[in-house]
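See below for the structure under consideration.
Just so it is clear, the structure is predicted and the values come from calculations on it, not from any experiment. In listed order, ligands and their atoms are each counted from 1.
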Amino acid sequence: MNKKSIKDVAVTGKRCLVRVDFNVPMKDGKITDETRINGALPTIKYLIDNGAKVILCSHKGKPHNVLTEGFGLTKKEKKAVEALPVEQQAEAKAEYLKKAIKDKEKYSLRPVATRLSELLGKEVVFATDVVGESADAAVAGLKDGDVCLLENTRFMAGEEKRDEALCKKLASYCDIYVNDAFGTAHRSHATTAAIAEYGFVDTAVCGFLIEKELAVMADALENPVRPFVAVLGGAKVADKLKVISNLLEKCDTLIIGGGMAYTFLKAKGFEVGASLVDDEQIDYCNQMMAKAKELGKKLLLPVDTVIAKSFPNPIDAEIEVSECGAEAIPADMMGLDIGSKTAELYANEVKGAKTVIWNGPMGVFENPTLAKGTIAVAKALAEAEGTTIIGGGDSAAAVTTLGFADKMTHISTGGGASLELFEGKKLPGIECLNNK
Ligand code: ADP
Ligand code: MG
């Protein structure tokens, strides 16, 4: 990689502001998956061991109504209050604020500080704000090898707005900016890119997680051992269709499954019933099929599909399904998984590959009846000899739940970021760093 990492600069005695991805899932105040914390540990430990003063920051969730500098209500809530008769406004406002305060707890990074402290076996000072008195004191109190964590950066409206004053203040806390948040490397926010882009920090480098993610994925894309197979599925049809064009140029075979397959099937002129379809992308799908032909690449679409009367509710509810040809979905049915012939076809293609990238499940895998296609593909990846890379939160979850995680070469910590890499886009969180 042409970007500097923490290994390329002297960190001893230096204050390092490290943007990590601590956006961990939580339930009832407990962290339910520590993958992201673990992902950041090598960088944090290296900095501690080398006597840096470590200032960690991260966002968590989308707490748009609990901004510390603001009123505590979202724009929409404010409008709703203003629309009420004057005598009811105070009470309504108080209700929203109560909710905001509760949300603030929900979005706080304090539980992460506690857990991180256990994992590191040393104190992690927690600042209850991002750039306020608490953060000032936490940073000022750091000795070499000490660690502090600032509160959720998205409690500041300026985070997503790339506010200059916020960046300047954060820059005043550090000598070196370190980005190790691969999960937000495709975002251009104050702490993910702007702080370095504005030139407020002289030294901006990446941590080990970003370095590793890029090394594996960029290498697979640029110098793949062939045959190179890309597997795309999932539900974010519009987002994901965009990567097809770039991937077609790089890979030998592109496999389409999951929700996005039905837009292709419709583009081919098939009836897709009530399946997930993005009508605005029909032309694009036709262009992609033409592009594949032109480039001599294989573009595989389902030949059969699992269908049901409606989407399972709740998602793992028992469901009655049948199978039909991809060209014969009844008008009142929807496709919720690839069919068994397709699963076999895709699995064989994957098994023969030397490089595979996979983003997006083949069906509604959360439901055991609709998970067969995803399991077949996951199993094929586990058995493939070459490099296997998983991008995408749900694909990663599927592989992990199925017990195949340790059989994969790399499971990316950034769904959106890896997708943008596959798309051939430059990531702001990486572009902003110092060149070697
Ligand atoms: P990832 O997180 O791996 O990038 P997505 O978020 O795009 O993947 O999609 C995952 C979701 O797609 C899953 O919740 C799954 O239930 C859903 N999905 C897969 N196939 C279908 C389908 N045929 N119809 C509707 N939803 C689907
Ligand atoms: Mg997802």
Problem set entry | Residue pair Lys372 / Ser340, side-chain donor-acceptor N/O under 3.5 Å | no
Where does ligand 1 get N/O contacts under 3.5 Å from the protein, atom by atom?
| from | atom 1 | to | atom 2 | distance (Å) |
| --- | --- | --- | --- | --- |
| ligand 1 | 2 (O) | Gly393 | N | 3.3 |
| ligand 1 | 2 (O) | Asp394 | N | 2.7 |
| ligand 1 | 2 (O) | Asp394 | OD2 | 2.8 |
| ligand 1 | 3 (O) | Asp394 | N | 3.2 |
| ligand 1 | 3 (O) | Ser395 | N | 2.8 |
| ligand 1 | 3 (O) | Ser395 | OG | 2.5 |
| ligand 1 | 4 (O) | Lys240 | NZ | 2.9 |
| ligand 1 | 4 (O) | Asn359 | OD1 | 3.4 |
| ligand 1 | 6 (O) | Asp394 | OD2 | 2.9 |
| ligand 1 | 7 (O) | Ala235 | N | 3.1 |
| ligand 1 | 7 (O) | Lys236 | N | 3.3 |
| ligand 1 | 7 (O) | Lys240 | NZ | 2.8 |
| ligand 1 | 8 (O) | Lys240 | NZ | 3.2 |
| ligand 1 | 9 (O) | Ala235 | N | 3.0 |
| ligand 1 | 12 (O) | Ala235 | N | 3.3 |
| ligand 1 | 14 (O) | Glu366 | OE2 | 2.4 |
| ligand 1 | 16 (O) | Glu366 | OE1 | 2.7 |
| ligand 1 | 16 (O) | Glu366 | OE2 | 3.4 |
| ligand 1 | 20 (N) | Gly259 | N | 3.3 |
| ligand 1 | 23 (N) | Gly335 | O | 3.1 |

For this session: Evaluate the side chain to side chain contact (heavy atoms under 4.5 Å, CB included) criterion for residues Arg154 and Tyr107: first the C-alpha distance (whole Å), next the side-chain angles of each, then the deciding distance (0.1 Å), finally the verdict.
Result: CA-CA 9 Å; Arg154 284 196 191 159; Tyr107 292 113; over 6 Å; no
Exercise. Is there a side-chain contact between Ile6 and Phe208, using heavy atoms and a 4.5 Å cut-off?
Worked result: yes
Problem set entry | Other residues, nucleotides, ligands: >12 heavy atoms within 6.0 Å of Arg110 CZ | no
For this session: Taking the Mg ion (ligand 2) as the reference point, name the nearest N/O/S atom of Asp394.
Result: OD2
Exercise. Any side-chain donor-acceptor pair under 3.5 Å between Asn434 and Lys3?
Worked result: no
Seminar exercise, completed: From the list Asn152, Thr153, Thr192, side-chain hydrogen bond (donor to acceptor under 3.5 Å, both in side chains) partner of Glu159 resolves to Thr153
